[in-house]
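Inspection log for the structure reproduced underneath, given as structure tokens.
Sequence lines set the chain letters: A, B, ... in the order given, protein chains first and strands last, and positions in each chain run from 1. Model, not experiment: these values are computed from the prediction.
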Amino acid sequence: MTDIPKAYEPHSVEERLYPIWEAAGYFKPKGEGPKYVITIPPPNVTGSLHIGHALCYSIQDALIRWRRMQGYETLCVPGTDHAGIATQNVVEKELRKDKLSRHDIGREKFVERTWQWVHEYGGLILRQLRRIGCSFDWDRTRFTMDEAYVEAVMECFVSWWEAGLIYRGHRVINWCPRCLTAISDIEVVHEDRPGKLYHLRYPFEDGSGVVIVATTRPETMLGDTAVAVNPSDERYTALIGKTIILPLVGRSIPLIADDYAKADFGSGAVKVTPAHDLNDFEAGLRHNLPQVIVIDEHAKMTPEAGSAYAGLDRFEARKKVVQDLESQGLIAKIEDYTVPTATCERCGTIIEPLLSEQWFVRMKELAGPAMEVVKEGRVKFFPERYAKTYLDWMENIRDWTISRQLWWGHRIPVWTTEDGEYIVARNQEEAEKKAAGKKITQDEDVLDTWFSSGLWPQAVLGWPRQTPDLERYYPTSVLTTAREIIYLWVSRMIMSGLHFMNEEPFSHVYIYATVLDVLGRRMSKSLGNGVNPLDLIELYGSDALRFSLLSRAARGQDIKFAKIENRRQPQVEEARNFANKIWNASRFVMMNLVNASNVESRWVPSKELADRWILSRLNETVREVTSALEEYRMNEAAQGLYHFFWDDFCDWYIELSKGLVSSAEDSEQARAARCRIVYILDSSLRLLHPFMPYITEDIWLRLPHEGESIMISKWPEYEPARHDSEASAQMGKLIGVISKIRNIRSEMNIPTQSRLKLYVACSEDNRELLKAYEEQIKRLARVEEIVADESLPPLESAARDILEGIEIGVPLEGLIDLKKERDRITKEIARKEDEARSLASRLDNPSFVERAPQSVVDESRLRHGELITEIEKLRSTLGILGGS
RNA sequence: GGGCGGUUAGCUCAGCGGUAGAGCAUCGGUCUUACAAACCGGGGGUCACUGGUUCGAUUCCAGUACCGCCCACCA
């Protein structure tokens, strides 16, 4: 009959449409409407698409497509992040295959090689984003190490330096002995691990006894330069100032008083190791203590640790220190203890707090305005609760370690002259000029990756240059991102945006759901519980994947997502089935256009109930979907569409209008009906397009349409005049009657093939309603004849039911199973009695009648009366049937 | 230690002040000319627990339990 396949075939459609869209320039900003701009969170250049990305970018594409259809001038700028440590690790791993380290080939070669890797494999994730249909402006794609971007990073550094916001500091930082670099506080992962707490005896010089200190890291005792007690701790007041001989080392160290020692922990005395613990470092500064470095950057003991330990790994050293102390009787006790452990976010290695020289950004000044814009609501978080998360952190913000001992990244633009003077410049040339002939060397370190990505919204638009894009598209509209980078990234963009642009970089921050496995665990490589979105696309198509994710993206609630088993994933399959439903409903419509003339997508006004009803429902759906999108309730938008399309449009409207729409003749009436069904379908497709771009475009183009793509068609608007509550009520009755008949059929085991005779008793208007839909009732409930009267004839051999004042009776041609029918009716009575009872008890309660809103009381009364009548009727039926 | 979420049908989740909803699964019936990836019908829930507010609570408030996330320099 038709050349349209029976099932939707996503892959050919996807491959065909994407290049057409791109070539047509639909992804580029157009028009004069208000602006809607997104600069996507740049994925790591080494990355490949995982399910979280799929969700994140599906959301952004849905938003962009929706606003584009609404007539906004839309722009979505894609790009990637050079991801310092991550990328360097990838290339180092490659080198290792050839038994080489980065040091073997040297910095220059290594960076060159990394660039090579980036050029060769780096774009992968962006290609994958095309696959899920992202309508991003690829010509504007940016990379955080592009020449222009580097300019932005240098500008930021220099400008912050000049503003006194950047300083060089000598302090204890988080050091990863595997990555061989400093990392910031927020790149450290804290977790509790089983371990031991060692209680050590430190003897006083004068032989007057010992003080006991507790530690989880005995090897650091080699670097102790004091023992601290709380000044108000009476046990020690008399001892403060005494000298202790540090065991194994023999160094004389003082017993000092400092608030930081808590009297209620352990013995109340704490050993102080200024070079290897941040607290101790600070205490050391307060008391002018020496800083003895006993652990080096490879986490091995230094010569300072003493010849017995030098060169040992920190954990070997721990064993040996404990052994040695033990043999001298200096271990008071060792107990099992849960040790808070800091590990490197990137590689999981235990962090070593190390004393070193790093660059820092002073945060307080930058944080102030960044907090203001959130408090004032100029930057709004969705869900709102994340504003508090953000503000709490900003309140307690600490300076940011921005230098990294890596080779891949933006080299710190600081040069040192022979006489130790710092020269900060945008590039080598400028630095040399400033040096005025002095010999200079550039700092070896690079900047934290987040230093550059923190400039993203303005930098991708051209800053620090005053480009037309920057002028036109800054600030952006919404940032869609993950919870865990609110501090790492979001806060820094707000700070830098305000600092350099004097305007917040975006007005909305939408924190989307985290995708977890079915057990509620984060997806990770090590657990092997990840789901590859590309496999899902392979199985079910992009639209299904997008719809599945979007229909679950509720209010930042996490999503539990199943993995693929036996080539099936139930959640995406559900969406695939929906896509197929859309396909087939459209197929029905299209089949009926083949021999019809002059059909266009247009709402031809109609007095028909079904028409009025579907138009009203469409209208409601438009409002629902639009307002849901405005508030980032993607799931509600998706689910509203699902039910409108499947339940209302497919199950009822198509079925009810089938007669006319598929009639053989090309009458004016049939034409109008076809126009209407095309209109409803067309509108539905538009509403669905942001969620399922491919299938909607493919169908839309096959329908009568104006314009060249659904992508740039107009988003439907809510029209109050289309609201029709009477039609909803009437439709409810019609649906009710048909369902009741179907129910009787099924419960009474009436064969599908047999045509029924239907008796109806009801009021005049109800009779008119049923008369008007006689054809449809006959078809949908498989009824042969409808006999309508004021009352049902006494039918001894009929199944009966009643709803909303409409009594129906279905004769069973003597084949009635009396017991079955009695059971069915008894059950029905019980159900209604339950409801009537609860309504009655409510109505009997004077305070309900007094205090509840009048409408609720009236409604309850009405419903109660209705139920009583229905129960009576059913009881008498039961009597006729000989039931008790 | 602080903060924030979650707990609703066998599973995955919506709903959030007027007697509980979806998809999948399950049971029964259908090749009814768009769709078996479908259609029709059924069964299945004291909405974690305990109090409070209210005429009325799954829905609001407080507490408890368990699960999870984020933050945190207690040796």
Side-chain angles (χ1 to χ4, degrees), chain A residues 1-2 4 6-8 172 185-186 190 197 213-217 220 228 260-262 264-267 269-273 277-282 340 342 353 383 385-386 388-389 392-393 396 483-484 486-487 514 516 518-522 540 551-552 554-562 570-571 573-592 635-636 639 642-643 646-647 650-651 654-655 658 662 739 742-747 749-753 779-782 834-835 837-839 842 845-853 856-857 859-860:
Chain A
M1 286 295 272
T2 172
I4 305 169
K6 274 187 126 180
Y8 174 55
V172 169
D185 294 331
I186 37 188
H190 296 271
L197 184 63
V213 296
T215 179
T216 56
R217 304 200 50 202
T220 61
Y260 131 73
K262 302 284 174 256
D264 57 1
F265 188 93
S267 64
V270 57
K271 59 194 256 339
V272 182
T273 324
D277 182 285
L278 184 61
N279 287 311
D280 293 9
F281 169 76
E282 281 164 2
R385 68 183 122 97
Y386 291 112
K388 192 178 172 302
T389 311
D392 282 352
W393 187 76
N396 301 308
R483 231 191 330 265
E484 64 264 27
I486 292 177
Y487 312 128
T514 306
L516 308 169
V518 277
L519 298 174
R521 300 173 304 182
R522 276 197 114 79
Y540 300 116
S551 64
R552 269 163 247 279
R555 297 231 207 109
Q557 212 50 64
D558 291 345
I559 297 173
K560 283 191 205 164
F561 210 70
Q571 292 157 307
E573 192 165 301
E574 179 187 323
R576 185 276 313 263
N577 292 353
F578 181 48
N580 202 230
K581 190 70 183 177
I582 296 170
W583 181 257
N584 278 295
S586 308
R587 185 165 173 266
F588 167 78
V589 172
M590 290 186 284
M591 280 168 73
N592 290 301
N635 63 318
E636 286 178 39
Q639 283 169 16
Y642 181 95
H643 289 114
W646 200 314
D647 301 346
C650 292
D651 288 352
I654 290 185
E655 292 304 331
K658 217 168 216 175
S662 50
S739 300
R742 283 168 169 174
N743 172 263
I744 291 172
R745 279 200 91 100
S746 185
E747 296 268 293
N749 293 333
I750 300 170
T752 322
Q753 299 82 356
R779 185 156 36 81
L780 297 184
R782 317 208 99 226
D834 266 0
E835 195 184 340
R837 214 176 355 256
S838 105
L839 280 171
R842 197 196 282 182
N845 182 350
S847 40
F848 170 72
V849 180
E850 258 169 58
R851 304 198 187 190
V856 174
V857 177
E859 221 171 88
S860 302

(message) When the P atoms of B:rC24 and B:rG56 are compared, how many Å lie between them, rounded to an integer?
(response) 40 Å

(request) Considering just the side-chain nitrogens and oxygens of A:Trp646, establish if one lies under 4.0 Å of OP1 or OP2 belonging to B:rA34. (result) no

(request) Counting Watson-Crick and G-U wobble pairs only, both distances under 3.5 Å, name the nucleotide matched with B:rU32, or none. (result) none

(request) Take atom C1' in B:rG23 and the same atom in B:rA38, then report the distance between them in whole Å. (result) 15 Å

(message) Check this for me, if you would: do A:Asp558 and A:Arg552 make a salt bridge, where the nitrogen-to-carboxylate-oxygen distance has to be below 4.0 angstrom?
(response) no

(request) Name the residue closer to the 5' end of RNA chain B, choosing between A:Asp392 and A:Glu574 according to the nucleotide with the nearest heavy atom. (result) A:Asp392

(request) May I ask you to say what A:Lys6 touches in the nucleic acid, namely base, sugar-phosphate or nothing, with a heavy-atom cut-off under 4.0 Å? (result) sugar-phosphate

(message) What's the gap between B:rG18 and B:rC60 when it is taken at their C1' atoms, as a whole Å value?
(response) 14 Å

(message) Can you identify which nucleotide, out of B:rU32, B:rA34, B:rG5, has its nearest atom closest to the A:Cys650 side chain?
(response) B:rA34

(request) For B:rU59 versus B:rC16, give the span between their C1' atoms, rounded off to a whole number of Å. (result) 4 Å

(message) Using a 4.0 Å heavy-atom cut-off, does A:Phe561 contact any base of the nucleic acid, only the sugar-phosphate backbone, or nothing at all?
(response) nothing

(request) Nearest whole angstrom, please: distance from the P of B:rA22 to the CZ of A:Phe578. (result) 16 Å

(request) For A:Asp647 and B:rA38, give me the distance from atom CG to atom P, rounded to whole Å. (result) 13 Å

(request) Validate the cation-pi geometry between A:Lys581 and A:Tyr8: distance from NZ or CZ to the six-membered ring centre under 6.0 Å, angle to the ring axis within 45°. (result) no

(request) Let me know the distance between CG of A:Asn749 and P of B:rG28, rounded to the nearest Å. (result) 12 Å

(request) Check the angle between the aromatic planes of A:Tyr642 and A:Phe578 and answer parallel, tilted or perpendicular using the 30° and 60° thresholds. (result) tilted

(message) For a quick test of reading the model: is some side-chain N or O of A:Lys388 closer than 4.0 Å to OP1 or OP2 of B:rG3?
(response) no

(message) Could you check whether any side-chain N or O of A:Ser746 sits under 3.5 Å from a backbone N or O of A:Asn743, counting only pairs where one atom can act as donor and the other as acceptor?
(response) no

(message) Nearest to the A:Asn584 side chain among B:rG23, B:rG5, B:rA34, which nucleotide is it?
(response) B:rA34

(message) Side chains of A:Asp280 and A:Tyr260 only: does a donor on one sit below 3.5 Å from an acceptor on the other?
(response) yes

(request) Would you state whether a donor and an acceptor, one from the side chain of A:Glu655 and one from the base of B:rA34, lie under 3.5 Å apart? (result) yes

(message) Measuring only the P atom in each nucleotide, how far is B:rA20 from B:rU54? A whole number of Å is fine.
(response) 23 Å

(message) Once you apply a heavy-atom cut-off of 4.0 Å, does A:Arg742 come out as touching a base, just sugar-phosphate, or nothing?
(response) sugar-phosphate

(message) Nearest to the A:His643 side chain among B:rA22, B:rU32, B:rC39, which nucleotide is it?
(response) B:rA22

(message) Once you apply a heavy-atom cut-off of 4.0 Å, does A:Asn580 come out as touching a base, just sugar-phosphate, or nothing?
(response) base

(request) Report yes or no: does A:Gln571 contribute a side-chain atom to a donor-acceptor pair with the main-chain N or O of A:Lys560 at less than 3.5 Å? (result) yes

(message) Using the side-chain heavy atoms of A:Glu747, tell me which of these nucleotides is nearest: B:rA14, B:rC39, B:rG41.
(response) B:rG41

(message) Without decimals, in angstroms, what is the distance between A:Asp558 CG and B:rU7 P?
(response) 12 Å

(request) Assign each of A:Ala585 and A:Ile559 to its nearest nucleotide of RNA chain B by heavy atoms, then name whichever residue's nucleotide is nearer the 5' end. (result) A:Ile559

(request) At under 4.0 Å between heavy atoms, which parts of nucleotides 70-75 of chain B does protein reach? Answer with one letter per nucleotide, 5' to 3': B base, S sugar-phosphate only, - none. (result) SSBBBB

(message) For B:rU50, give the paired nucleotide (Watson-Crick: N1-N3 plus N6-O4 or O6-N4; G-U: N1-O2 and O6-N3; both under 3.5 Å), or none.
(response) B:rA62

(request) Starting at atom CD of A:Gln571, determine the distance to atom C1' of B:rC13, rounded to an integer number of angstrom. (result) 9 Å

(request) Write down the distance between NZ (A:Lys560) and P (B:rC69), rounded to a whole number of angstrom. (result) 12 Å

(message) I'd like to know if the side chain of A:Glu655 reaches the main chain of A:Leu780, judged simply by a donor and an acceptor atom lying under 3.5 Å from each other, with no hydrogens or angles considered.
(response) no

(message) I'd like to check A:Arg782 versus A:Arg742 (side-chain heavy atoms, cut-off strictly below 4.5 Å). Are they in contact?
(response) no

(request) Using atom CG of A:Asn577 as one end and atom C1' of B:rA36 as the other, report the distance to the nearest whole Å. (result) 11 Å

(request) Rounded to whole angstrom, note down the C1' distance from B:rG6 over to B:rC40. (result) 37 Å

(request) Write down the partner of B:rC11 under the Watson-Crick or G-U wobble criteria, each distance required to be under 3.5 Å. (result) B:rG23

(request) Report the distance from atom CZ of A:Arg385 to atom P of B:rG6, rounded to the nearest whole Å. (result) 7 Å

(request) Measure the shortest side-chain to side-chain distance between A:Val856 and A:Phe848 over non-hydrogen atoms and say whether it is less than 4.5 angstrom. (result) yes

(request) Using Watson-Crick or G-U wobble geometry with both distances below 3.5 Å, tell me the partner of B:rG1, or none. (result) B:rC71

